[in-house]
Amino acid sequence: MKFSAPRGTRDILPEEASRWRWLEEVFREQCRLYGFGEIRTPIFEETGLFARSIGEETEIVTKQMYTFSDQGGRSLTLRPEGTAGVVRAYLQSGLANQGGVQRLFYFGPFFRYERPQKGRFRQFYQGGVEVFGAEGPQLDAEVIALAMDFLNALGLEGARLRINSTGCKTCRPVYEKALRKALAPVVDKLCSWCQERYKGNTLRILDEKRPDCRRYLKDIPSILDSLDKECREHFEDLRVLLNGLGIPYEVESDVVRGLDYYTRTVFEINQPGLGAQDALGGGGRYDGLVEEFGGKPTPAVGWGMGVERILDALETNRQPQAGKGPAQEGLVYFATAGSVDMEIVPNLISEVRASGMAAISASLDKALKAQMKEASRQCCRWVVIVGEDEIAAGTVTLRDMESGEQQNIKREKLIDTLKQLMEQKPL
RNA sequence: GUGGCUGUAGCUCAAAGGUAGAGCGCUGGACUGUGGAUCCAGUGGCUGCGGGUUCGACUCCCGCCAGCCACCCCA
């Protein structure tokens with residue numbers, strides 16, 4: 001074979017695509033129930049948009065972006081996440097000037113240059129939501145509830161919600177200072193990675209999982225003890241709201257996300273047993289980003305969820321597959337036998353399709369037997385046989401491929417009979 | 001970016017220095033206008049790509065590419 005799909009990308013064939021469509025429909029329906037409207041933003045943006053929002057020093061920006069320059073010399077980047085583009089659009093389109101609370105959702109492909117492994121691709125799909133203009137914890141809770149409802153509606157079980165607060169621009173530096181102080185005696189014993197972070201993005205040291213480093217991180221202070229009054233109340237209220245909604249969660253003070261724009265609430269949803277990449281989704285509040293982009297100070301909160309990982313989790317959970325084969329979509333197969341006027345079948349098929357039923361026919365002059373086999377392979381529930389005998393009698397033979405029953409009916413009654421059968425004998 | 005494992009027929013896998021095989025699938029027949037079951041026959045390959053060692057390489061060595069898994073990071 002001459003070509004293959006680029007590394008980290010994959011083809012989704014019809015059978016699998018129907019599962020994807022099902023998931024997307026469930027997602028859209030949940031968003032609708034929560035009053036969210038869809039937004040579609042470009043798949044590439046100015047490189048600077050991502051660098052400035054996600055953070056110049058983050059992994060995503062420093063090593064994982066698909067960046068290229070176009071014919072005009074502009075530096076563009078395939079979007080590695082959804083929030084930056086939505087914030088940009090929110091400002092550029094004037095949505096920001098309409099006031100009030102804006103609830104938006106998106107669904108589509110994202111790109112990160114990483115080494116592929118289980119649950120990690122270079123092109124992957126995410127569904128996400130963003131809410132602008134609401135400062136209180138009510139929307140944090142609502143957005144989390146939406147995420148959990150989405151997973152429940154898919155029939156997923158066992159997902160774990162972990163929440164934390166990373167404070168605001170006033171109290172986070174206080175904590176970072178305390179953290180640096182606590183780590184000062186052991187900093188030279190930490191790995192080079194941690195030492196880098198110690199200097200720059202101290203908070204992210206909490207993310208360290210290596211046992212070697214971990215044991216020096218045992219007694220570090222919790223960020224939750226450093227939150228100022230407003231942030232503490234915000235977090236406490238969020239917990240009250242989640243409790244009220246009956247949403248189980250765990251507070252974990254070392255949940256830190258890899259994107260710099262988060263403030264206060266951050267959360268992650270994990271599916272134990274999925275493998276090394278077990279985060280189905282995550283998000284949080286980003287109260288400073290709109291202002292950072294030149295808008296007026298606007299609180300915001302949102303999340304993104306990984307489609308491949310959710311489908312993977314459903315698979316390992318052995319949840320019902322929602323895949324629909326052609327049979328379930330009522331596909332009708334037209335077969336011919338003997339020499340039949342070329343125009344008859346196409347005309348009949350047209351009529352069937354015009355009445356809303358899906359139909360296909362043999363493309364070649366094959367033996368009836370071969371046509372039946374093809375119909376079977378295509379999972380067609382019904383086969384209409386139009387042969388010389390039928391033409392002579394003005395009828396068609398209609399076969400139910402599941403029961404094997406056949407009947408001879410007047411050609412004019414085909415449509416009505418098919419309709420009737422589809423209602424009577426759905427799969 | 002680093003490491004481990006793996007690339008043989010459309011698919012799942014054998015062959016371990018001596019001419020590349022099976023099952024499933026596919027095509028046809030038994031059954032000349034009737035799918036699935038059974039039996040029979042046929043179709044199947046630059047052994048991922050490129051070098052090297054050897055009289056001889058699917059097999060050993062090197063490089064590249066790809067897949068899987070992990071590190072890292074995250075969806």
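Chain A is the first sequence line, chain B the second, and so forth, proteins listed ahead of strands; every chain is numbered from 1.
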Distance-only donor-acceptor check, side chains [X] and [Y], under 3.5 Å:
X	Y	value
A:Q92	A:Y90	no
A:T397	A:Q406	no
A:E388	A:S339	yes
A:E292	A:Y286	no

Looking for any heavy atom pair under 4.0 Å, which part of the strands does [X] touch: base, sugar-phosphate only, or nothing?
X	result
A:L259	sugar-phosphate
A:E390	base
A:F121	base
A:Q406	base
A:I310	nothing
A:G128	nothing
A:R204	sugar-phosphate
A:D389	base
A:M401	base
A:G8	sugar-phosphate

Rounded to whole Å, please give me the gap between [atom1] in [X] and [atom2] in [N].
X	N	atom1	atom2	value
A:M372	B:A37	CE	P	15 Å
A:I54	B:A75	CD1	C1'	13 Å
A:E24	B:A75	CD	C1'	16 Å
A:K366	B:G33	NZ	P	14 Å
A:D278	B:C72	CG	P	13 Å
A:E268	B:A75	CD	C1'	10 Å

For the [atom1] atoms, the ones on [N] and on [M], what distance do you get once it is rounded to whole angstrom?
N	M	atom1	value
B:U43	B:G10	P	15 Å
B:G56	B:A16	C1'	15 Å
B:G17	B:C61	P	12 Å
B:G50	B:G1	C1'	25 Å
B:G44	B:G35	C1'	24 Å
B:C69	B:U27	C1'	39 Å
B:G48	B:A15	P	15 Å
B:A57	B:U53	P	11 Å

[options]: which one has an atom nearest the side-chain heavy atoms of [X]?
X	options	value
A:R197	B:C74, B:G33, B:C73	B:C73
A:A276	B:G33, B:U34, B:C71	B:C71
A:R120	B:A70, B:G33, B:C72	B:C72
A:A370	B:G28, B:G35, B:G33	B:G28

[N] base to [X] side chain: any donor-acceptor pair below 3.5 Å?
X	N	answer
A:R7	B:G67	no
A:E114	B:A75	yes
A:Q371	B:U34	no

Report the residue (A:R115 or A:Q277) whose heavy-atom-nearest nucleotide on RNA chain B is the more 5′ of the two.
-> A:R115
Please tell me which of A:T9 and A:G338 maps to the more 5' nucleotide of RNA chain B, matching each residue to the nucleotide holding its nearest heavy atom.
-> A:G338
Both distances under 3.5 Å, Watson-Crick or G-U wobble: report the partner of [N], or none.
N	value
B:G21	B:C13
B:A41	B:U27
B:U32	none
B:C60	B:G52

Could you tell me whether A:R204 and A:D207 make a salt bridge, using a distance below 4.0 angstrom between a side-chain N and a carboxylate O?
-> yes
Derivation and outcome, side-chain hydrogen bond (donor to acceptor under 3.5 Å, both in side chains), residues A:N408 and A:T395 | CA-CA 7 Å; A:N408 207 259; A:T395 63; 3.0 Å; yes
Shortest non-hydrogen pair, A:A300 vs A:D287, comes out as N-OD1, 3.2 Å
In short, A:I349 meets A:A359 closest at the heavy-atom pair CG2-CB, 4.1 Å
With a 4.0 Å limit, can you tell me whether [X] has a side-chain N or O closer than that to the phosphate oxygens OP1/OP2 of [N]?
X	N	result
A:Q117	B:A70	yes
A:R112	B:A75	yes
A:K63	B:G1	no

Using modelled atom types only, decide if a donor and an acceptor are shared between the side chain of A:E390 and the backbone of A:G387 within a distance under 3.5 Å.
-> yes
Could you list, one pair per line, each protein nitrogen or oxygen that sits under 3.5 Å from a nitrogen or oxygen of nucleotides 24-26 of chain B, together with the distance?
residue, atom, partner, partner atom, Å
B:C26, OP1, A:R377, NH1, 3.1

Let me check something: any side-chain donor-acceptor pairs from residues 175-190 of chain A under 3.5 Å, sequence neighbours excluded? List them with distances.
residue, atom, partner, partner atom, Å
A:Y175, OH, A:P221, O, 2.9
A:R180, NH1, A:Y198, O, 3.4
A:R180, NH1, A:T202, OG1, 2.5

Measure up the A:F105 and A:F27 rings against each other and bin them: parallel (under 30°), tilted (30 to 60°), perpendicular (over 60°).
-> perpendicular
Mark this stacking check for A:F124 against B:A75 as yes or no, applying ring centres under 5.5 Å and ring planes under 30°.
-> yes
